[in-house]
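What follows is a set of notes on a single structure, which appears directly below.
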Amino acid sequence: MGIRTHTCGQMTESDIGSTVTLNGWVNAFRGHGGGLIFVDVRDREGITQVVFDSEDAAAELVEAGDRLRNEDCVSITGVVRERAKKNPKMATGSIEVVASELTVLSKTKKLPFLPSDEKNLPAEETRLQYRYLDLRRPHMQNILRIRHRLTKLTRDYFDEQGFLEIETPMLCRSTPEGARDFLVPSRQQEGMWYALPQSPQLFKQILMIAGCDRYLQIVRCFRDEDPRADRQAEFTQIDLEMAFVDRDAVLEVMEGFAQKIWKEIMGVELGAFPRMSYSDAMDTYGSDRPDTRFDLKLVDISEIAGKTDFGVFANALGMDKGCVKAFRVPGVAEKFTRKTTDAFSKFAADFGAGGIPTTKFVGGNLEGGIGKFLGEIKDELVAALGLEDGDAVVFAADTYGVVSRSLGELRLKIAKDFDLIPDGLWNFLWVYDFPMFEWVEDAQRYHALHHPFTAPSDYEVERLLSADASDIDMVESIVSDGYDMICNGSEIGGGSIRIHRADVQAKVFALLGLSEEEAKQKFSFLMDALSYGAPPHGGVAFGLDRLVMHMCGTDNIREVMAFPKTMTGQDLMCEAPNVVDDEQLGELHVRSTAKVKAGV
RNA sequence: GGGGCGGUAGCUCAAUUGGUUAGAGCCCCGGACUGUCGAUCCGGAGGUUGCGGGUUCGAUUCCCGUCCGCCUCGCCA
């Protein structure tokens, strides 16, 4: 074969007259009988038109060209010539290669779909089954390239900041808390199991104790939970940790990172990131990852609502932590049909709301929905919400938690449905001052909002150490030194200052309901390590896949992974997972109790 | 584990209240064509309607089950 001298994306008029060899795939074939054939050849870098012309080439060569089909893999040698009629739609549209040699490196059989036909893509299922064809598409190649540029910039940036890239094990011990683990049976230790890491959290903390000072790893993590459009069981984190730092020092480095990658890849200058406390985020946006690209801000109208006899409001205000909140949706009164507002209630039912009252502000009156119950508080409502003629209002009345969640989700839905999100905005912010703990009524225990290694804020340490587990309000009020980086309403990174004192860590375990015995059994290595001169430290983990999703403008995490899995955790190309034979299981001291699908 | 939508030719889709031989475009195969670039024109091949069962004279269509895909709630420290 002829080894390529040029790629299919690089030739310009300055190459006219030179003899070149291209290696690639047939992207398109346009034949004009035996005499004249156009073949577009594609490789990773672009597409170049090749012409087989009987006026310039032997009949044998033109015949061979005539047998080419889409996606045949070829090597073609010829002279670059200026096109008589240029194609401005093509990057290489002013030149063509006049074929003088053709080698078919590999014929294709009949294709399930044409990678060149971007406008008629098959279902995702087919694309995943033939991922090698799907990835040939320039669009997918571009995503892979962006992903590569991001990992390259990540390593460059953190190298400049003094971070060392250090690998941590993929075969770990199972952690009791958190997501379900993927397990790997041990052959050498009969009856014992490894777990694949959900994150290298403890290893990176121990690297700080080990004097590594600044650590980076682009690392695969595994969580055996059901996926979502933006979540896979196997995903990649940009994992970082720094010793001898406080929160602001961490945020500064991480903010610099986000600014750098957005500038280099997106060509966007991000200013300094605003910061918002967890409680402000929950109060105003009903979410700990607020999308600040649009308003629809939640307003607490409990006090005003208390002045009516309206049963729904009165009922909510009588609850423990009950409240009434609302937000205005500017100018959509006409679009708030009964069908639309009914759908809000149905939507919010998933989040525990009994119903979503609405009304409209038209001609100086609150009309429709619950408007007729609000006559006596109309003026106060109009003032509190800043209502203007033609606005609609969405209410929720329940406990603070239910109101926040349902209105928080509704404001996102309404913003999308009514097209209220401006294009082209990159609203980054930090959310901080999360609570350390959340009481889970069903389980009758506390749950760490971030993870159990998150430090309390400096001023909270004494309060934490003296906390009485039975005082739920007090324990829930303890503020942690955690922080999340939010981009357009999506959490792209999160981290914290970690606990570096063994006594503080022991107290956190105790509040989380781990006995001293259990804590020792499961985390003795951490407790030991913390006892040997542990430095203050903190860090962040960014979701690499999420970052690439933002950069590529997709909501589908599978788009930004070369070989993703389906919602049921299957790789449709390799057909993983699959059965293994009993001998293999025997070596691992495992016997399957599954009724295996026939014919696999 | 719950809810929703979908599965018809290799691919994208159609098929009237349940009714004749399940159609079209693309792909593929054959032919025509010397400046195309979504080439064009002519012809051809290609089907267990995801799978299993039921109702019916008759099922792509209605019912039940099941598998697969997507979305979502739970879950994801």
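A note on names: the letters A, B, ... follow the listed sequences, proteins ahead of strands, and every chain is numbered from 1.
A/Thr340 meets the side-chain contact (heavy atoms from CB on, under 4.5 Å) test with A/Thr337, A/Phe344, A/Phe418; sequence neighbours excluded.
A donor-acceptor contact under 3.5 Å is formed by the side chain of A/Arg83 with the base of B/C37. Contact of A/Arg228 with B/G74 (side chain to base): a donor-acceptor pair of N or O atoms is detected under 3.5 Å. For B/G74, the base has no donor-acceptor partner in the side chain of A/Arg405 [N/O atoms by modelled type, under 3.5 angstrom]. You'll find a donor-acceptor pair under 3.5 Å spanning the side chain of A/Arg231 and the base of B/C76, going by distance alone. Judged by distance alone, with hydrogens and angles left aside, A/Asp117 brings no side-chain donor or acceptor close enough to the base of B/G38 to form a pair under 3.5 Å.
If you take atom P in B/G52 and the same atom in B/C13, they sit 24 Å apart, rounded to whole Å.
Looking at A/Lys565 and A/Asp571, no side-chain N of the basic residue comes within less than 4.0 Å of a carboxylate O on the acidic one, giving no salt bridge. Classification of A/Asp398 and A/Arg405 as a salt-bridged pair fails, no side-chain N sitting under 4.0 Å from a carboxylate O. At a threshold of 4.0 Å, the pair A/Asp134-A/Arg131 counts as salt-bridged, since one of the basic side-chain nitrogens sits closer than that to a carboxylate oxygen.
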What one-letter contact string describes nucleotides 3-11 of chain B from 5' to 3', where B marks a base within less than 4.0 Å of any protein heavy atom, S marks contact via sugar-phosphate atoms alone, and - marks no contact?
-> -------BS

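Open room surrounds CZ on A/Arg289; 12 or fewer heavy atoms of other groups in view lie less than 6.0 Å from it.
Looking at A/Ser480 and A/His450, their side chains never bring a donor and an acceptor atom within 3.5 Å of each other.
For the OP1/OP2 pair of B/C68 and a distance below 4.0 Å, the side-chain nitrogens and oxygens of A/Gln129 include no atom meeting the criterion.
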